[in-house]
Amino acid sequence: MHTNNNRAVEITLVNQLGYERIAMACSASFAQLFGFPKNRIEDLKTIVSEASINAMQHGNKGRNDAKVKVSLSCVEDIINVQVSDEGSGIEEFPPNPDIENIIEGREPLIGFGLFLIKQLTDRVEFNKMTGKGNMVNMSINMKEQV
Amino acid sequence: MHTNNNRAVEITLVNQLGYERIAMACSASFAQLFGFPKNRIEDLKTIVSEASINAMQHGNKGRNDAKVKVSLSCVEDIINVQVSDEGSGIEEFPPNPDIENIIEGREPLIGFGLFLIKQLTDRVEFNKMTGKGNMVNMSINMKEQV
Amino acid sequence: MQNKNEITLEKHGAVMLLDIEGDITAFSEPFLNEAYKNANDDDAKRILLKVGDDCYINSGGIAVLIQILAQTKRNNQNIGIAGLSEHFKKIFNMVGITKFASIHNTVEDGLEALSAG
Amino acid sequence: MQNKNEITLEKHGAVMLLDIEGDITAFSEPFLNEAYKNANDDDAKRILLKVGDDCYINSGGIAVLIQILAQTKRNNQNIGIAGLSEHFKKIFNMVGITKFASIHNTVEDGLEALSAG
Ligand SMILES: Nc1ncnc2c1ncn2[C@@H]1O[C@H](COP(=O)(O)OP(=O)(O)O)[C@@H](O)[C@H]1O
Ligand SMILES: Nc1ncnc2c1ncn2[C@@H]1O[C@H](COP(=O)(O)OP(=O)(O)O)[C@@H](O)[C@H]1O
């Protein structure tokens with residue numbers, strides 16, 4: 001996988017559900033080093049979790065020889081986190097889930113991962129292609145923007 | 001740095017004191033996934049911390065373009081953790097520190113890092129050379145050996 | 001891997017409390033469905049889900065919960081959730097879960113509200 | 001980076017309590033030395049260090065503590081440590097710190113033991 005030497009921390013995970021927790025713990029610890037407040041650390045954990053799960057399930061399609069890479073950097077009170085998989089990115093973006101339609105069975109039960117990522121990040125780019133596959137590039141500010 | 005694809009988790013850290021905490025958090029979360037008890041998780045955190053600090057200070061001699069790599073795997077209730085730096089290993093092993101001699105000023109105040117690593121691991125190999133430098137290879141069992 | 005839940009059922013007057021230990025993820029599906037089935041076997045009309053305030057909830061777990069909410073709606077059951085951290089209260093609100101389940105700070109609050117409702 | 005300590009000095013009868021907030025690492029050296037100097041300015045003969053039971057202590061911090069212990073020994077001061085987690089009690093014992101400082105579960109225990117001793 002492409003190695004960017006300016007990243008402060010890089011974590012490579014086996015492609016197995018559950019290991020996203022390790023990336024979450026790592027990200028939380030990273031944000032603590034930079035004095036991020038609790039609510040933003042929780043937001044960061046959730047976006048890292050959702051992006052890692054998507055990388056495992058959709059990007060790497062569950063292949064157990066594939067890897068997920070999470071990399072973290074912090075510049076001027078903004079943490080940037082990139083989650084990479086070995087796939088080719090999101091083919092079709094589902095609309096934001098509408099819970100009333102879902103409950104009534106008019107809409108499939110999908111799209112919560114991307115929805116949470118979009119809601120909790122301050123900036124996000126999907127489908128960034130790297131030498132080895134797809135990457136989602138997310139930023140989160142120390143202070144929640146209102 | 002040499003990449004071993006059988007490792008479940010790999011973390012690469014910038015060579016800066018304080019970042020060892022991220023490797024600690026990562027290791028703790030990894031051990032939790034495998035149901036390690038609290039006391040063994042604490043032991044693991046300490047050996048990861050000490051080995052990472054040594055890698056930063058002695059292996060990479062504080063060079064801020066150098067990296068520290070920590071990799072984790074778990075097989076049959078034993079966690080193996082390898083901490084790599086870009087140096088050439090320990091030249092001379094200090095004796096175990098004798099606190100009475102240290103307090104009386106008869107011995108320098110060094111050697112606690114290696115002492116803790118030796119005490120808290122169930123198996124340890126120092127000065128394993130890889131393509132990129134030195135590595136310490138440590139194992140810790142789920143149950144403390146008495 | 002901590003991919004299971006222990007769910008204890010406790011009857012508090014007219015309310016059935018489902019006390020969920022563990023994280024709420026896609027792996028929770030069989031455990032939550034089983035507990036919900038048991039609550040139905042007891043003919044529960046008011047249900048309170050209790051989660052740990054330090055539990056990990058991801059979108060897979062949210063999907064499992066929404067499946068339960070769809071059923072409680074169809075079955076005319078009243079459902080509440082207690083114990084969520086501030087973070088997951090925010091998220092449950094974002095996702096719209098709060099339109100189909102009431103959120104309570106504590107089990108006591110939840111039992112009281114559901115008993116009255 | 002959380003590389004600093006807040007150390008509060010509090011006189012409890014004959015014992016000077018140094019309440020240390022934050023982790024104990026090589027970065028703690030100036031903060032601990034300053035607090036110890038202030039205790040000495042007050043002519044403290046009995047000193048209790050209080051640490052957080054969730055604080056991070058590494059070998060750099062252990063070295064800083066041992067430097068303080070060397071000084072308390074030379075100055076004929078009685079020193080105790082309170083608040084350590086089980087893990088760090090084990091480590092302080094391994095390293096031999098327990099030969100030069102008494103270890104107490106709580107500040108109250110420590111104050112009582114040092115006042116009596
Ligand atoms: N890393 C990825 N690679 C390829 N496709 C993805 C990736 N992440 C998301 N997707 C696509 O976007 C859809 C929505 O993702 P998400 O919102 O997480 O919901 P869900 O995982 O429940 O389907 C997925 O079903 C998938 O088709
Ligand atoms: N990764 C390493 N690379 C090179 N030398 C090392 C490494 N780790 C330890 N050493 C050597 O071993 C000595 C003892 O290390 P340690 O027990 O951690 O104590 P300290 O860091 O206080 O010197 C160090 O002073 C150094 O010379």
Side-chain angles (χ1 to χ4, degrees), chain A residues 13-14 16-25 27-28 31 36-58 62 94-121 140 144 146, chain C residues 1-5 22-33 36 47 51-79 81 83-103:
Chain A
L13 303 172
V14 286
Q16 201 174 312
L17 229 49
Y19 279 80
E20 76 278 7
R21 292 164 204 249
I22 293 163
M24 292 168 73
S27 309
F36 271 53
K38 191 170 174 300
N39 65 331
R40 296 269 68 194
I41 294 179
E42 290 301 321
D43 291 344
L44 177 65
K45 282 164 67 182
T46 291
I47 64 170
V48 166
S49 160
E50 296 301 332
S52 301
I53 292 172
N54 278 347
M56 291 171 186
Q57 295 189 315
H58 304 302
N96 286 345
D98 176 328
I99 193 165
E100 315 215 4
N101 285 336
I102 290 171
I103 293 262
E104 300 301 340
R106 290 189 298 259
E107 214 181 81
L109 187 53
I110 65 158
F112 288 103
L114 295 183
F115 176 71
L116 290 177
I117 290 172
K118 287 185 280 180
Q119 290 292 311
L120 300 174
T121 47
I140 208 158
E144 213 158 352
V146 270
Chain C
M1 302 266 171
Q2 310 153 313
N3 289 335
K4 42 174 207 238
N5 299 104
D23 299 325
I24 305 198
T25 67
F27 294 107
S28 304
E29 185 161 14
F31 304 100
L32 269 167
N33 284 343
Y36 178 60
I47 295 174
V51 303
D53 71 347
D54 59 350
C55 81
Y56 160 48
I57 307 180
N58 62 26
S59 61
I62 288 175
V64 173
L65 287 175
I66 290 177
Q67 285 173 320
I68 301 274
L69 298 190
Q71 296 178 68
T72 55
K73 174 126 199 294
R74 275 200 299 279
N75 297 335
N76 279 314
Q77 289 159 317
N78 207 339
I79 186 161
I81 305 174
L84 290 170
S85 68
E86 286 308 313
H87 177 65
F88 285 110
K89 275 187 207 162
K90 176 174 86 178
I91 287 199
F92 278 34
N93 194 34
M94 268 177 187
V95 166
I97 287 185
T98 43
K99 293 181 199 158
F100 296 92
S102 53
I103 306 292

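Computed from heavy atoms alone, side chains included, the values below leave out hydrogens, waters and symmetry copies. The structure displayed is predicted, hence computed values, not measured ones. To find a chain, count down the sequence lines: A is the first, B the second, and so on, and within it residues start at 1.
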(request) For residues I66(C) and F112(A), determine if any side-chain heavy atom of one lies less than 4.5 Å from a side-chain heavy atom of the other. (result) yes
(message) Within the supplied structure, the quantity of interest is the number of heavy atoms (other residues, nucleotides, ligands) at a distance under 6.0 Å from K38(A) NZ; does it exceed 12?
(response) no
(request) Against chain C, label D43(A) side chain, backbone, both or neither, depending on which of its atoms sit under 4.5 Å from a heavy atom there. (result) both
(request) May I ask you to test the H87(C)-T46(A) pair for a side-chain heavy-atom distance under 4.5 Å? (result) yes
(request) Count the heavy-atom pairs under 4.5 Å between each of I110(A), I103(A), L120(A) and chain C, then report the option with the highest count. (result) I103(A)
(message) Nearest 0.5 angstrom please: I57(C) CD1 to S49(A) OG, how far?
(response) 11.0 Å
(request) Answer yes or no: is there a side-chain heavy-atom contact under 4.5 Å between Y56(C) and E20(A)? (result) yes
(request) Would you mind telling me which of I97(C), I91(C), L69(C), I62(C) has the largest number of heavy-atom pairs within less than 4.5 Å of chain A? (result) I91(C)
(message) To the nearest 0.5 Å, what is the distance between CD1 on I99(A) and CZ on F100(C)?
(response) 6.0 Å
(message) Using a 4.5 angstrom heavy-atom cutoff, name the option from I102(A), D98(A), L116(A) with the most pairs to chain C.
(response) L116(A)
(request) Before accepting this row, confirm whether a basic side-chain N of the pair E104(A)/R74(C) lies closer than 4.0 Å to the acidic partner's carboxylate O. (result) no
(message) Just so I understand: if I count every heavy-atom pair under 4.5 Å between each of Q71(C), E86(C), K90(C), Q67(C) and chain A, which residue has the most?
(response) K90(C)
(message) So does S59(C) get a backbone contact from the side chain of E50(A), meaning a donor-acceptor N/O pair under 3.5 Å?
(response) yes
(request) With the side chain counted from C-beta on, respond yes when R21(A) and D23(C) share a heavy-atom pair under 4.5 Å apart, and no when they do not. (result) yes
(request) State, with a plain yes or no, whether a side-chain heavy atom of T25(C) is found less than 4.5 Å away from one of I53(A). (result) no
